[in-house]
Protein chains: 2
Amino acid sequence: MGQSGPAMTTVCCGAGVPCDACDARDLAVCSVLDEEELKRFSAAATTARLEAGQTLFHEGEPAEEMFSLTEGMIKLYKLLQDGRRQITGFLMAGDFLGLAFGRTYVYSAEAVTPVRLCRFRRTAFLRLLEEMPHLERNLLGRASSELAAAQEQMLLLGRKTARERLATFLLTIADRQRRGNAEPVDLLMSRSDIADYLGLTIETVSRTLSTMRRLGAIALDGTSRVYIPNREALRTIAGV
Amino acid sequence: MGQSGPAMTTVCCGAGVPCDACDARDLAVCSVLDEEELKRFSAAATTARLEAGQTLFHEGEPAEEMFSLTEGMIKLYKLLQDGRRQITGFLMAGDFLGLAFGRTYVYSAEAVTPVRLCRFRRTAFLRLLEEMPHLERNLLGRASSELAAAQEQMLLLGRKTARERLATFLLTIADRQRRGNAEPVDLLMSRSDIADYLGLTIETVSRTLSTMRRLGAIALDGTSRVYIPNREALRTIAGV
DNA sequence: CACGAAACTTGATGTGGGTCAATGAGACCC
DNA sequence: GGGTCTCATTGACCCACATCAAGTTTCGTG
């Protein structure tokens, strides 16, 4: 189920991007730091890269590092012993992951596309957190909106139909990619990932997308590009 | 669907409990404050009471107040326009609610039992937050564990069977009530609340509990008291 | 560019939990 | 102690989505 590749050992260090050239400079936690703080902050960070499909960490492992995603997409997921999987979120440039005041990670993280990240030792990061109130406030804000998103997702998983789930999903992706109304959305993740995110099977995802295409609610270009001719119409289907 | 009773107008002020006599003194956010801070903190708070079934606030309303629950149980929920409801959490003494950096509440909150709370004006609370780093750290910790709980709930809603959901739910309640293995758990909330929390219908909740009783996994005393003779066995059913 | 593997789509069939409906059991009130 | 209201349980039936099983498309590779 996509857990190919050894974990941390395969992360290549180096090839780091300096902060001013970083795609996530204005999105990530570091955006709230002043020049002096940024210097100390980046001194505490190393950079890492992962290929698509590689695992950053597994649920249950000691949470010794935290990460800021600067490029690419990562999925977070939890597994039941028999292999059933629930993807709890897709992260993009600027997102922070691994924050845990407990001892272990509460989810696994795997690259969906090739990614770059800034990596911090847990202890070092927590020290920075104490010294930089802006940083703490920013993380609290992030946690708060992640929580809101999680509650929205609970509504989806607990109460929405397959069609409503897909419509909601497509609209969320479109928003996050800040695409104009005419531009296509790029899904990046596989049908299996979408299914495990929406609490469905790949067959249902595929069938539902086909139905929506037949109805003219979306158009598909390949398996990953989706045109949404009328977002308002999709919003009606989404039940939002 | 349980939205009886007018909202804020019916909240009775007064009858406040002084901090030292407060049930939640060691659980709530105020537990991290020193004497001097607590004085300022409580000066900013008023107290409120609600009867079971009364609404504290509705999703979408301007988020002008934040609350610390000191007694009783509150449920948080979101609605779809056609009335489908998802309960996203049950809060107990010590829990904090209403934290929103956005302008509006992202969920509704309603009393399950009679409750008492400390109430803060949003602006006043945010000011206190800046002045008291302990407080901010505590809230970040809370947000972080709430997020972990939310992800656990997504796994439940997306991937678990009805039986697994109920078993998980009962074990969680048992943990939160810190009951010994022999002691019964008290559900407090209705079947309808349980159903809307677990993404099921009341009929399925009822049937599943009956089946578990027939199998000897639990015993019921009335509709609300549940004995769990063997938690390990229930844990096996829960798939955890 | 042909081959093979993986990912996706589509169809046929099955089923867990939803829906609809009736009955039962407390709780409250007079 | 009987009436009523609300909530919970139980039964019969149904359907949205899962499962099982072919195809088909895409894409990486020699």
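The chains referred to below are lettered A, B, ... by the order of the sequence lines, with proteins before strands, and numbering in each begins at 1. Hydrogens, waters and symmetry mates play no part in the numbers below; they use all other heavy atoms, side chains included.
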Novice: Can you tell me how far P of C/dC8 sits from CE of A/Met212, to the nearest Å?
Specialist: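 Atom-to-atom, A/Met212 to C/dC8, this comes out as 17 Å.
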Novice: Output the rounded distance in Å from CZ (A/Arg213) to P (C/dT9).
Specialist: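 So the two atoms are 8 Å apart, to the nearest Å.
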Novice: Looking at A/Asp175, A/Leu209, A/Ile194, A/Val185, which one forms a side chain to side chain contact (heavy atoms under 4.5 Å, CB included) with A/Leu170?
Specialist: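 Passing option: A/Leu209.
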Novice: Is A/Glu183 paired with A/Arg178 through a side-chain N to carboxylate O contact shorter than 4.0 Å?
Specialist: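 Between A/Glu183 and A/Arg178 there is no salt bridge, as every charged N stays at least 4.0 Å from the carboxylate O atoms.
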Novice: Can you measure B/Arg84 atom CZ to D/dA16 atom P for me and round it to whole angstrom units?
Specialist: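 So the two atoms are 13 Å apart, to the nearest Å.
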Novice: Any idea how B/Phe67 and B/Phe57 line up, ring-wise: parallel (<30°), tilted (30 to 60°), or perpendicular (>60°)?
Specialist: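 Geometry flag for B/Phe57 against B/Phe67: parallel rings.
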Novice: Return the value, rounded to whole Å, for the distance between atom CG of B/Asp196 and atom P of D/dC7.
Specialist: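 In whole Å, D/dC7 P and B/Asp196 CG are 13 Å from each other.
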Novice: Please report the distance, rounded to the nearest Å, between CG in B/Leu157 and P in C/dG17.
Specialist: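 One finds 13 Å between P of C/dG17 and CG of B/Leu157, rounded.
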Novice: What N/O pairs connect the protein and nucleotides 24-26 of chain D at under 3.5 Å? Give each pair on its own line.
Specialist:
none

Novice: Applying the side chain to side chain contact (heavy atoms under 4.5 Å, CB included) test to B/Leu91, which of B/Leu69, B/Leu117, B/Val112 qualifies?
Specialist: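 The passing option is B/Leu69.
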Novice: Heavy-atom count check: over 12 atoms from other residues, nucleotides or ligands less than 6.0 Å from A/Arg163 CZ?
Specialist: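 Counting neighbours around CZ of A/Arg163, 12 or fewer heavy atoms of other residues, nucleotides or ligands fall under 6.0 Å, so no.
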Novice: Which is true for B/Ser190 with a 4.0 Å heavy-atom rule: it touches a base, it touches only sugar-phosphate, or it touches nothing?
Specialist: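 The answer is sugar-phosphate, as B/Ser190 gets under 4.0 Å only of primed atoms, P, OP1 or OP2.
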Novice: Between the protein and nucleotides 18-22 of chain C, list the N/O to N/O atom pairs that are separated by less than 3.5 angstrom.
Specialist:
| unit_1 | atom_1 | unit_2 | atom_2 | d |
| --- | --- | --- | --- | --- |
| C/dG18 | OP2 | B/Thr201 | N | 3.3 |
| C/dG18 | OP2 | B/Thr201 | OG1 | 3.1 |
| C/dG18 | OP2 | B/Thr204 | OG1 | 2.4 |
| C/dT19 | O4 | B/Arg207 | NH2 | 2.7 |
| C/dC20 | N4 | B/Glu203 | OE2 | 3.1 |

Novice: Heavy atom of residues 161-168 of chain B under 4.0 Å from DNA chain C: which residues?
Specialist: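 Within this stretch, B/Thr161, B/Ala162 sit under 4.0 Å of the strand.
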Novice: Taking CZ from B/Arg214 and P from D/dG11, how many angstroms apart are they, rounded to a whole number?
Specialist: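 Whole-Å distance recorded here is 8 Å.
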Novice: From B/Ile237 CD1 over to B/Lys160 NZ, what is the distance, rounded to the nearest 0.5 angstrom?
Specialist: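 Those atoms lie 12.0 Å apart.
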Novice: Answer with yes or no whether the side chains of A/Thr204 and A/Thr201 bring together a donor and an acceptor at under 3.5 Å.
Specialist: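 Indeed, the side chains of A/Thr201 and A/Thr204 share at least one donor-acceptor pair under 3.5 Å.
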Novice: Measuring from A/Leu99:CG to A/Phe120:CZ, what's the distance to the nearest 0.5 Å?
Specialist: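 Rounded to the nearest 0.5 Å, the CG-CZ separation comes to 12.0 Å.
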Novice: Would B/Arg85 pass as a cation-pi partner of B/Tyr77, given that its NZ or CZ must be under 6.0 Å from the six-membered ring centre and within 45 degrees of the axis?
Specialist: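 Output yes; distance and angle both within limits.
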Novice: State the CD-OG1 distance between B/Gln151 and A/Thr88, to the nearest 0.5 angstrom.
Specialist: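 B/Gln151 atom CD to A/Thr88 atom OG1 measures 4.0 Å (nearest 0.5 Å).
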Novice: I need the CD1-P distance between A/Ile202 and D/dT19, as an integer number of Å.
Specialist: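 Between P of D/dT19 and CD1 of A/Ile202: 11 Å.
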Novice: Short question: side chain of B/Asp95, backbone of B/Met92 - any donor-acceptor pair under 3.5 Å?
Specialist: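 Side chain of B/Asp95 to backbone of B/Met92, a donor-acceptor pair under 3.5 Å: yes, one is there.
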